[in-house]
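Report on one structure; see the data block that follows.
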Amino acid sequence: NVASLAAFQPGPLMSNYFASKAYVLSLSEGLRHELAPYGVKVSVLCPGPVATPFFRNSLLRSEPLARHKLLANPEEVALLAMRGLEKNRAIIIPGWRNRLIPLLLRLAPRALVRHITAKTIRPLLPRQQHRADADGSLVFTSWVALAADGVTIRHASPLWAAPPLGVGLFELAAAAT
């Protein structure tokens with residue numbers, strides 16, 4: 001299975017994404033234990049940011065990560081994943097820096113982890129589109145993203161709640177092609 005380093009921490013501003021990756025990690029570990037008596041091996045890959053179309057497809061900005069050389073090469077991640085599978089690793093985390101992150105997260109206070117995660121995510125967020133209510137006051141911030149399957153995802157949240165991919169009101173509509 002494929003999760004992410006996001007699986008090991010809360011994800012303010014991208015809550016659904018981080019929670020879904022935590023689910024994949026937990027599910028994979030549970031299945032590994034349940035299926036071991038039957039000879040079935042389950043591993044989960046938890047890479048950090050990888051240079052893939054993910055950022056473009058979700059309208060996230062990858063430039064801040066690329067500038068600091070934090071985007072992994074997809075071919076290298078695939079090679080390290082295969083090596084982890086050959087060694088029958090339960091959790092495969094490519095890169096020594098990435099392997100440190102879950103350890104450090106366990107030691108840090110959760111409030112600090114949330115704060116640092118939000119500060120790290122904020123520069124990656126797409127530009128906001130604002131809507132006004134009937135009297136002209138600014139009420140909602142929204143994002144529009146085109147998912148890989150051609151579905152347009154519209155996210156609207158109160159101005160004080162920021163997350164694209166977080167909890168909010170979603171409207172799904174077929175993308176015009």
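Among Val50, Leu79, Val77, the single residue meeting the side-chain contact (heavy atoms from CB on, under 4.5 Å) criterion with Pro94 is Val77.
Annotation for Arg114 and Pro12: closest pair O-CG, 3.3 Å, computed over non-hydrogen atoms. Taking each heavy atom of Pro10 and Arg110 in turn, the nearest pair found is CD-NH2, 3.6 Å.
Checked against the 6.0 Å centroid criterion, the rings of Phe54 and Tyr17 qualify as a close aromatic pair.
The closest side-chain heavy-atom distance from Pro64 to Leu124 is below 4.5 Å. Considering only heavy atoms from C-beta on, Val42 comes within 4.5 Å of Leu35 through its side chain. Inter-residue side-chain proximity for Ser4 and Cys46 is flagged as unmet; no heavy-atom pair is nearer than 4.5 Å. The closest side-chain heavy-atom distance from Phe18 to Leu13 is not below 4.5 Å.
How far OG1 of Thr117 is from CD of Gln9: 4.0 Å, rounded to the nearest 0.5 Å. With rounding to the nearest 0.5 Å, the separation of CZ in Phe8 from CZ in Arg106 is 7.5 Å. Interatomic distance, Leu45 CG to Leu85 CG, rounded to the nearest 0.5 Å: 8.0 Å. Leu100 contributes atom CG, which lies 10.5 Å from atom CG of Leu5 (distance to the nearest 0.5 angstrom). Here CD of Glu76 is found 5.5 Å from CG of Leu80. Values are rounded to the nearest 0.5 Å. Atom CG of Leu65 and atom CG of Leu71 lie 5.0 Å apart (nearest 0.5 Å).
Using a 4.5 Å cut-off between side-chain heavy atoms of Ile, Leu, Val, Met, Phe, Trp and Tyr, with links allowed through other members, Val40 and Leu27 fall into the same hydrophobic cluster. Leu105 is connected to Val44 through a chain of hydrophobic side-chain contacts under 4.5 Å among Ile, Leu, Val, Met, Phe, Trp and Tyr, so both are in one cluster. Under the 4.5 Å side-chain heavy-atom criterion for ILVMFWY residues, a single connected hydrophobic cluster contains both Leu70 and Met14.
Using a distance-only test at 3.5 Å, with no hydrogens or angles considered, a donor-acceptor pair links the side chain of Arg99 to the main chain of Ile93. Side-chain atoms of Arg32 never come within 3.5 Å of backbone atoms of Lys41 as a donor-acceptor pair (strictly under, hydrogens ignored). Checked by atom type and distance alone, the side chain of Ser26 never pairs as donor or acceptor with a backbone atom of Ala22 at under 3.5 Å. Ser43 places no side-chain N or O within 3.5 Å of a backbone atom of Ile91 that could act as its donor or acceptor partner.
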